[in-house]
Asks: 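Below is one structure. I have some questions about it.
In what follows, chains carry the letters A, B, and so on, assigned in the order in which the sequence lines appear, proteins first and then strands, with residues in each chain numbered from 1. Given the structure is predicted, the values throughout are model-derived calculations rather than measurements.
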2 protein chains.
Amino acid sequence: MFFTTKAEYGVRLLIEIGRQGQDQPVSLKVIADTENLPLAYLERIVALLKRAGLVQSTRGAHGGYVLARKPTDIRMDEVVLALEGSLAPMECFVDDRADDGRVLCSHHDDSGRGCATKLLWTRVQVGVSNTLAQTSLAELIEFQSRQLPRAGERAAPGERTPAPA
Amino acid sequence: MFFTTKAEYGVRLLIEIGRQGQDQPVSLKVIADTENLPLAYLERIVALLKRAGLVQSTRGAHGGYVLARKPTDIRMDEVVLALEGSLAPMECFVDDRADDGRVLCSHHDDSGRGCATKLLWTRVQVGVSNTLAQTSLAELIEFQSRQLPRAGERAAPGERTPAPA
DNA sequence: GCTATCCCGACCGCACTGGTAGGATTAGCC
DNA sequence: GGCTAATCCTACCAGTGCGGTCGGGATAGC
């Protein structure tokens, strides 16, 4: 597994904000309750989303968070990048370059050649990035709403949707 | 970053075995020296590759490892899967299912519905898997050989290939 | 002023990663 | 038969980051 719960919780946060926050801000407490997630931890995660300009906050009573943009304009590559800090599939591949732009690859810096593994990880990173970019928050909100027809509603016990392949 | 050095070192292992081991087995010592990697650690990594049937070993003096198949028949999704244990992008997504095949998702097991995040991580996993599957060991060996024209040879000091975009 | 909420830094246990140590086993070779 | 080169195996260890908690400060509605 390579993404942490930051990505999981953060995406859920956005989905819930999108679903419940049409007109007024959504408090973390509500989300923590409905999603059954630790509030204090969510606070730290939503800070990442705010820093990335994906949500806006209102302080004080009846405060909370709203999406900074329309859900159709929020792509998941932005979101995951904000939450995880990087989409690089390998340590030696995170974007810390030398001043001249050369990529530092610790195990080949003596020869200075482009390593074959770099080719591979580049392809992976591009693939992940493209995949995430092709999913918008709006799509996930819509998917979620199909699963739970109305906000707060819950499936009747025993009536479980068969896993959609 | 989400792959560990196991994947990095393991892929390099295979490349070196493929490059140097046309006729005779390649010892880990040689690889550890040429790639400047810790021998004892490589031992544990190559064990993963052997268990997955990607390499074969010969014990004793002049022993070492050879590829179990032609490099063209070794796809990187197999390799990374063997090394990392899983390609699942999320913990709640690793393939440990209930007996009936239901996927366990810890945060939604009370409602039992497919979560929207699952949709997202599924796409990512398929994307990564496809990307890796489209790269064969042969391609990486060839790439590496272009960088270092002959085995053991090294670029003249100062003559550095410009990073191939 | 009370309370709900965002905000922020410190702290903490745990698991895993990356790596080491030491030895057992196997096999070529003189 | 010994020496040596190599695979194999288990245990160990330090560091780091993850997931989570705690306490408190700032802010705003009522």
Asks: What is the separation between atom NE2 on H62(B) and atom C1' on dC30(C), rounded to the nearest whole Å?
Replies: 12 Å
Asks: Considering only dG18(C), dT5(C), dG20(D), which nucleotide approaches the side chain of T4(B) most closely?
Replies: dG18(C)
Asks: Just how far, in rounded Å, is P of dG18(C) from CZ of F3(B)?
Replies: 13 Å
Asks: So, is Y9(B) close to the dG18(C) phosphate, meaning a side-chain N or O under 4.0 Å from OP1 or OP2?
Replies: no
Asks: In residues 48-59 of chain A, which ones come under 4.0 Å of DNA chain C, going by heavy atoms?
Replies: K50(A), S57(A), T58(A), R59(A)
Asks: Let me know, please, whether G60(A) or A47(A) comes out on the 5' side of the other along DNA chain C by nearest nucleotide.
Replies: G60(A)
Asks: Return the minimal non-hydrogen interatomic distance between V79(B) and L54(B), and the atom names on each side.
Replies: CA-CD1, 4.0 Å
Asks: Rounded to the nearest Å, what distance is computed from the CD atom of residue E35(A) to the P atom of nucleotide dG20(D)?
Replies: 14 Å
Asks: Give the residues of residues 63-70 of chain B touching DNA chain D, defined as any heavy atom closer than 4.0 Å, sorted by residue number.
Replies: G63(B), G64(B), Y65(B)
Asks: So that I can tick it off, tell me whether E142(B) and R19(B) are bridged by a salt bridge, with the cut-off set at under 4.0 angstrom between side-chain N and carboxylate O.
Replies: no
Asks: Using whole Å, what does the distance between atom C1' of nucleotide dC8(C) and atom CG of L42(A) come to?
Replies: 16 Å
Asks: If I take atom CD1 in residue I45(B) and atom C1' in nucleotide dG19(C), what distance separates them, rounded to the nearest angstrom?
Replies: 10 Å
Asks: Of the nucleotides dC6(C), dA6(D), dT17(C), which one has an atom closest to the side chain of S27(A)?
Replies: dC6(C)
Asks: Using every non-hydrogen atom in the two residues, find where L87(A) and D77(A) come nearest and quote the distance to one decimal.
Replies: CD1-O, 4.4 Å
Asks: Ignoring the backbone of A61(A), work out which of dT7(D), dA4(C), dG20(D) is nearest its side chain.
Replies: dA4(C)
Asks: Taking N or O atoms only and anything under 3.5 Å, show me the protein contacts with nucleotides 20-23 of chain C, one pair per line.
Replies:
from, atom 1, to, atom 2, distance (Å)
dT20(C), O4, R44(B), NH1, 3.2

Asks: Would you call E16(A) and R12(A) a salt bridge, using N to O less than 4.0 angstrom?
Replies: no
Asks: For the residue pair E8(A) and W121(B), what are the closest heavy atoms and their distance?
Replies: OE1-NE1, 2.6 Å
Asks: Examine the side chains of T4(A) and E84(A) and answer whether a donor and an acceptor come within less than 3.5 Å of each other.
Replies: yes
Asks: Find the distance Q24(A):CD to dA28(D):P and express it as a whole number of Å.
Replies: 19 Å
Asks: Between R123(A) and E139(B), does any NZ, NE, NH1 or NH2 come within less than 4.0 Å of an OD or OE carboxylate oxygen?
Replies: yes
Asks: Do R75(B) and T135(B) get their side chains close enough for a donor-acceptor pair, meaning under 3.5 Å?
Replies: no
Asks: Salt bridge (charged side-chain N to carboxylate O under 4.0 Å, His left out) for E78(B) and R69(B)? Distances and angles first, verdict last.
Replies: CA-CA 12 Å; E78(B) 282 182 275; R69(B) 286 180 251 153; 2.7 Å; yes
Asks: dG18(C) P sits how many Å from N36(B) CG, rounded?
Replies: 17 Å
Asks: Starting at OG of S86(A), measure out to CD of E91(A) and round the result to the nearest 0.5 Å.
Replies: 9.5 Å
Asks: Please round to the nearest 0.5 Å and tell me the distance separating atom NZ of K29(B) and atom CG of L42(B).
Replies: 12.0 Å
Asks: Quick check: closest heavy atoms across S136(B) and M76(B), and the distance to 0.1 Å?
Replies: C-CE, 4.2 Å
Asks: Can you tell me how far C1' of dT7(D) sits from CD1 of I31(B), to the nearest Å?
Replies: 13 Å
